[in-house]
Protein chains: 2
Amino acid sequence: MANLKDLAEHLGLSQATVSRALNGYSTVNAETRRKVQEAARLLNYRPNTSARRLATGRAGAFGLVLEQSDNLLNDPHFVDFLSGFTQELAAQDLDVVLTSAEGLATYRRYASTSKVDGFVISAPKVKDARVAALTEMAFPFVVHGQTEADAPYAFYDIANERAFLDATRLLLNLGHRRIALINGPADTMFARQRLDGFHKALAEKGLPPDPRLIHHATMSEDEGYALTRQLFAGSEAPTAILCSSTLQTLGLTRRLREEGLEMGRDVSVISHDDGLSSMKTENFSVPLTVTRAPIREAGQEIARMLVALGNGASVETQQKTAPVELIVRASTSAAPQE
Amino acid sequence: MANLKDLAEHLGLSQATVSRALNGYSTVNAETRRKVQEAARLLNYRPNTSARRLATGRAGAFGLVLEQSDNLLNDPHFVDFLSGFTQELAAQDLDVVLTSAEGLATYRRYASTSKVDGFVISAPKVKDARVAALTEMAFPFVVHGQTEADAPYAFYDIANERAFLDATRLLLNLGHRRIALINGPADTMFARQRLDGFHKALAEKGLPPDPRLIHHATMSEDEGYALTRQLFAGSEAPTAILCSSTLQTLGLTRRLREEGLEMGRDVSVISHDDGLSSMKTENFSVPLTVTRAPIREAGQEIARMLVALGNGASVETQQKTAPVELIVRASTSAAPQE
DNA sequence: GAAATTATAGAAAGCGCTTTCAATAACCCG
DNA sequence: CGGGTTATTGAAAGCGCTTTCTATAATTTC
């Protein structure tokens, strides 16, 4: 494995020149650069990552810590996120470093040992301790979502509140009055935002929220099933359901059939759709009406933001709320006549 | 951020001694070590990762490259794998480095720049080029699954052939004769193994395989749905179906209901179950008979193997085929009388 | 008590790169 | 043609750690 010294000796040049030639500095003669590049290719030279990192002080990698207790990361949408995130960074020769931990210690350690140049904060809580800690350390990070914070921070979010406001309005305009919400975990910010949108739409019509119709759950098939069952167990069954994830909706669908109810006729359903490659809502038996925001794009965009922060961009310039599409398909229809 | 030099000066010791004290070398006085450790804690000293890596020549990380064209990595089971893999490594202060690429170049580059100390090879093909390349480079790796190779290599596999042999036998013994197989992609080794098991069981009964009942597909809900629809379109519908993933089975379930068929009564179904945390097969409307092997454990075990290889273990000692449980639940029953 | 161990700590040489600073050669201008 | 650029390269100093090789002091051995 040739190193810089070998290459320099082979060329009869100094290491400095070779390094400069390879790294695209303008102060090196065009012909020299050509030779260097050719020799590098010939000797199959690759700069040692650790050495370069030590010299430059940059890790060339961004971190993502998997909180084991956080089942949000255990659901399929995370794969799509990761895929987009990784691909975008790889295109710029940057890595993603994954680790697993509970609590803030790991963030501190990774930052202070310069293992990574920044973090992405996944599944932020309503008030997220990680954001506070990293802000205080002045270490770069981008939040996937938002949180309540004292200082500005970089984030990429989707218009959750607006999406669920629109979705609820749609159902209300179709005449539905008993609308259920199967939401994400109560301590996550996106669930809060969606709940806000839901409430707002009800309030517009002067309708009070019915706590029996509002549920928080993990993003699993099981939970979607169990909650749907529960919703239809009593006498006050909903005529429409808002659901926070495709996986939950899959469970919901399963239960609805058992109840002998047809989606889009007996019960209207709107699901949030992260655009997962393994579950296409347009191909459901009854094509789903959805609020749609591909999570893969979140991964890509957050990667770009992280890079920008690394290049000195200010936190204020790295804040983005992506729109959410409301796509109406067959799973929604006018409320049944009483 | 204190570095080694600071710490040494603060203590009035040499960097060498401090380094030795911190790294647990026996040649340092117990009292000295105590002082060093205390000072390190006090000054919040953390050795710089890049510097250490450069000095030791070890990356302290293992790599996983996401092949973008490979939709196997786009399915939920990958999250569970990754979770187990990462957790196990994190426990030993090792990272996982993710990158995205097509082809072998990335493996070469990451190996030669010592970005990682080894790779895990996911979703191996029947004859996998990555395995051949890494073997030739004498770079450590563990295959998640198996492949046809010229030389021995480290792998963690599950007993796919045996599992599908047993599952098919079960169906045959229940009197089924028209058994369909919804398998994984044709070029993957695990799909090949499962097909072999399937064929073997049929052969035991002297039954010829019917190509119309054998399908290869990606591990998506859609495909499960589409193929099930196709299976029941003709006149020669199956009475039992073997399915390669929970997600496909979800699609299958969806279609079966549309066909007006009840799982476990009209049609027997056995699904492979990776033990995904977001989809529990025991909670299906009709609890599923499954071949079960938690993929999270694969992640953990492969992490251990990689570490062992790094510590000089021979490839031959790092080969494991984990058993697959056959769990009989309500989705299988005797074949309907003709 | 002298010679030989052993315990402990320091000096210094890397690891392989980047980058500042200095040096030289080539070029420009009036 | 001489002083002043400008283009190009090299020397060398790190980056922060590990580790070999020495050196010294303390201890043991007969």
Side-chain angles (χ1 to χ4, degrees), chain A residues 1-37 39-40 43-61 93 95 109-117 310, chain B residues 1-37 39-40 43-61 93 95 109-117 310:
Chain A
M1 217 130 298
N3 60 19
L4 187 62
K5 196 175 160 205
D6 299 338
L7 186 57
E9 279 170 6
H10 174 84
L11 281 160
L13 288 169
S14 72
Q15 294 188 33
T17 304
V18 176
S19 173
R20 276 188 292 246
L22 258 22
N23 289 318
Y25 281 64
S26 59
T27 69
V28 43
N29 183 283
E31 174 59 13
T32 308
R33 161 166 297 134
R34 208 193 46 69
K35 280 186 192 161
V36 170
Q37 283 171 337
L43 297 193
N44 197 27
Y45 168 75
R46 308 268 176 222
N48 177 291
T49 305
S50 304
R52 165 176 270 171
R53 285 180 180 174
L54 180 57
T56 60
R58 288 184 144 210
D93 258 315
D95 298 330
R109 193 153 45 83
Y110 275 60
S112 65
T113 59
S114 68
K115 272 195 169 191
V116 298
D117 297 324
Chain B
M1 216 130 297
N3 61 20
L4 187 61
K5 196 176 161 205
D6 299 338
L7 186 57
E9 278 171 6
H10 173 85
L11 282 160
L13 287 169
S14 71
Q15 295 188 33
T17 303
V18 176
S19 172
R20 276 188 292 246
L22 258 22
N23 290 317
Y25 281 65
S26 59
T27 67
V28 43
N29 184 284
E31 174 58 15
T32 308
R33 161 166 298 135
R34 208 193 47 69
K35 279 186 193 161
V36 171
Q37 284 171 338
L43 297 192
N44 197 26
Y45 167 76
R46 307 268 177 223
N48 177 291
T49 304
S50 303
R52 165 176 268 171
R53 285 180 180 174
L54 180 57
T56 60
R58 285 185 145 210
D93 258 317
D95 299 329
R109 193 153 45 84
Y110 274 60
S112 63
T113 58
S114 69
K115 272 195 170 191
V116 297
D117 297 324

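On a predicted model such as this, the values are computed, not experimentally measured, just so you know. Note that these values count all heavy atoms, side chains included, but never hydrogens, waters or copies made by symmetry. Lettering follows sequence order; numbering is per chain, from 1.
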Rounded interatomic separation in angstrom, taking CG from L54(A) and P from dT18(D): 12 Å
Interatomic distance where CD belongs to E31(A) and C1' belongs to dT9(D) [whole Å]: 15 Å
Take atom CZ of R53(A) and atom P of dT18(C), then tell me their distance rounded to the nearest Å. 13 Å
Please give the angle, rounded to 10 degrees, between the axes at the start and the end of the helix from dG1(C)-dC30(D) to dG30(C)-dC1(D), where five pairs define each axis. 40°
Give a yes or no on whether a salt bridge exists between R53(B) and D117(B), defined as a side-chain N under 4.0 angstrom from a carboxylate O. no
Using 0.5 Å steps for rounding, measure from the CG atom of L54(A) to the CZ atom of R52(B). 13.0 Å
Is there a side-chain contact between D6(B) and Y45(B) (heavy atoms, below 4.5 Å)? no
Can you measure R34(A) atom CZ to dT8(D) atom P for me and round it to whole angstrom units? 15 Å
R109(B) atom CZ, neighbour heavy-atom count above 12 within 6.0 Å: yes
Please check this pair: side chain of N23(A) against backbone of Y25(A), looking for a donor-acceptor N/O pair closer than 3.5 Å. no
Between dT18(C) (C1') and L7(A) (CG): distance, integer Å: 15 Å
Value for CG (N3(A)) from CG (L7(A)), rounded to nearest 0.5 Å, stands at 8.5 Å
From S114(A) OG over to R46(B) CZ, what is the distance, rounded to the nearest 0.5 angstrom? 13.0 Å
Taking atom P of dG16(D) as reference, at what distance in whole Å does atom CG of D6(B) sit? 9 Å
Return the residues of residues 44-52 of chain A meeting this criterion: a heavy atom under 4.0 Å from some atom of DNA chain D. Order them by number, or give none. none
Let me know which of T49(B), D95(B), N48(B) forms a side chain to side chain donor-acceptor pair (under 3.5 Å) with K115(A). D95(B)
Non-hydrogen side-chain atoms of V36(A) and T17(A) separated by less than 4.5 Å: no
Is N3(B) close enough to dC15(D) that one of its side-chain N or O atoms is under 4.0 Å from OP1 or OP2 there? no
Would a 4.5 Å heavy-atom cut-off, applied to side chains only, mark L22(B) and P47(B) as touching? no
Is T32(A) close enough to dT9(D) that one of its side-chain N or O atoms is under 4.0 Å from OP1 or OP2 there? yes
Under 4.0 Å, heavy atom to any atom of DNA chain D: which of residues 9-21 of chain B qualify? Q15(B), A16(B), S19(B), R20(B)
Between dG14(C), dG16(C), dT8(D), which one does the side chain of T27(A) approach most closely? dT8(D)
More than 12 heavy atoms of other groups within 6.0 Å of R33(A) CZ: yes
Roughly, in whole Å, what's the span from CG in L4(A) to P in dA12(D)? 16 Å
Does Y25(A) put a side-chain nitrogen or oxygen below 4.0 Å from OP1 or OP2 of dT8(D)? no
Atom OG1 of T27(A) and atom CZ of R20(A): how far apart are they, to the nearest 0.5 Å? 5.0 Å
Find the distance N29(A):CG to dT8(D):P and express it as a whole number of Å. 5 Å
